[in-house]
Amino acid sequence: MKKSFIFFVIVVSTTIINPFWVYAQSVAINTDGSLPHSSAMLDVKSFTKGILVPRTSSVGRIGIFNPAKGLLVYDTTSSSFWFYNASAWVQIAGSNGWNLTGNTGINATTNFIGTTDLRPLRFRVNNSWAGAIDTSSANIFLA
């Protein structure tokens, strides 16, 4: 009985004294010893490594029972990242961009390549300036 009481006192006093056990809100994984950012549940810092998310096939991804909203996986069948938006899986790669191999379902009133302000549309080839369309000066130049 005496040993149980001493063990209880040690456990209670350790949890009260050590605020990390009682009040821990965030976790940092790093090598510099810095604290996690207050807005992050998990703060991973590295200058030489990345984070590896769960990898699964399309069949495995679709078979996840009751996925959480925001769940992220890498689909090894499609070689792309997918997230669950609370009602369906959404492919991240290429979901909002123009594809180099063509696009389908284009609506000329809402889909375009260009700007939405008065800035000129500039073109580059090999990262060198190759032309522009500038409506403010009524100039079109292609090198």
**OP:** Answer whether the closest heavy-atom distance between the side chains of Asp43 and Asn30 falls below 4.5 Å.
**Re:** no
**OP:** List the atom of Lys69, the atom of Asn85, and the distance in Å for their closest heavy-atom pair.
**Re:** CG-C, 4.1 Å
Subject >> Nearest atoms (heavy-atom pairs only) where Pro67 meets Trp89 >> reply: CB-CZ2, 3.9 Å
Original post:
How about Leu71 and Trp82: do any of their side-chain heavy atoms sit closer than 4.5 Å?
Top reply: no
Original post:
Quick one: CG on Leu118 to OG1 on Thr116, what's the gap to the nearest 0.5 Å?
Top reply: 10.0 Å
**OP:** Say whether, by atom type as modelled, one donor and one acceptor occur between the side chain of Thr76 and the main chain of Thr56 under 3.5 angstrom.
**Re:** yes
Original post:
Just by modelled atom types, is the Arg119 backbone N or O under 3.5 Å from a matching donor or acceptor in the Thr115 side chain?
Top reply: yes
Original post:
Would you say the side-chain atoms of Asn126 and Ser128 include a donor-acceptor pair closer than 3.5 Å?
Top reply: no
Original post:
Is the closest side-chain heavy-atom distance between Phe141 and Asp134 below 4.5 Å?
Top reply: no
Subject >> Arg61 CZ to Arg55 CZ distance, which is reported to the nearest 0.5 Å >> reply: 15.5 Å
**OP:** For side chain to side chain donor-acceptor pair (under 3.5 Å), just list the numbers for Thr109 and Asn107, CA-CA rounded to whole Å, side-chain angles, deciding distance to a tenth of an Å, and then say yes or no.
**Re:** CA-CA 6 Å; Thr109 59; Asn107 179 342; 2.7 Å; yes
Original post:
Between Asp75 and Ser58, does a side chain to side chain donor-acceptor pair (under 3.5 Å) hold up when you go through it step by step?
Top reply: CA-CA 6 Å; Asp75 188 318; Ser58 294; 2.7 Å; yes
Original post:
How far apart are the closest heavy atoms of Phe123 and Leu121, and which atoms are they?
Top reply: CZ-CD2, 3.7 Å
Original post:
What's the verdict on side-chain contact (heavy atoms from CB on, under 4.5 Å) for Val73 and Phe81, showing C-alpha distance, side-chain angles and the deciding distance?
Top reply: CA-CA 6 Å; Val73 296; Phe81 288 97; over 6 Å; no
Subject >> Pairwise side-chain contact, Ile92 with Leu72, heavy-atom cut-off 4.5 Å (strictly under) >> reply: yes
Subject >> Reported CD1-to-NZ distance for the pair Ile29 and Lys49, which is rounded to 0.5 angstrom >> reply: 12.0 Å
**OP:** Cation-pi check, Arg124 to Trp129: give yes when NZ or CZ is under 6.0 Å from the six-membered ring centre and within 45° of the ring axis, no otherwise.
**Re:** no
Subject >> Side chain proximity check, Ser57 to Thr77, heavy atoms < 4.5 angstrom >> reply: yes
**OP:** With rounding to the nearest 0.5 Å, note down the distance linking OH in Tyr74 to OG in Ser79.
**Re:** 4.0 Å
Original post:
Do Ser26 and Met41 have side chains that get closer than 4.5 Å, going by heavy atoms?
Top reply: no
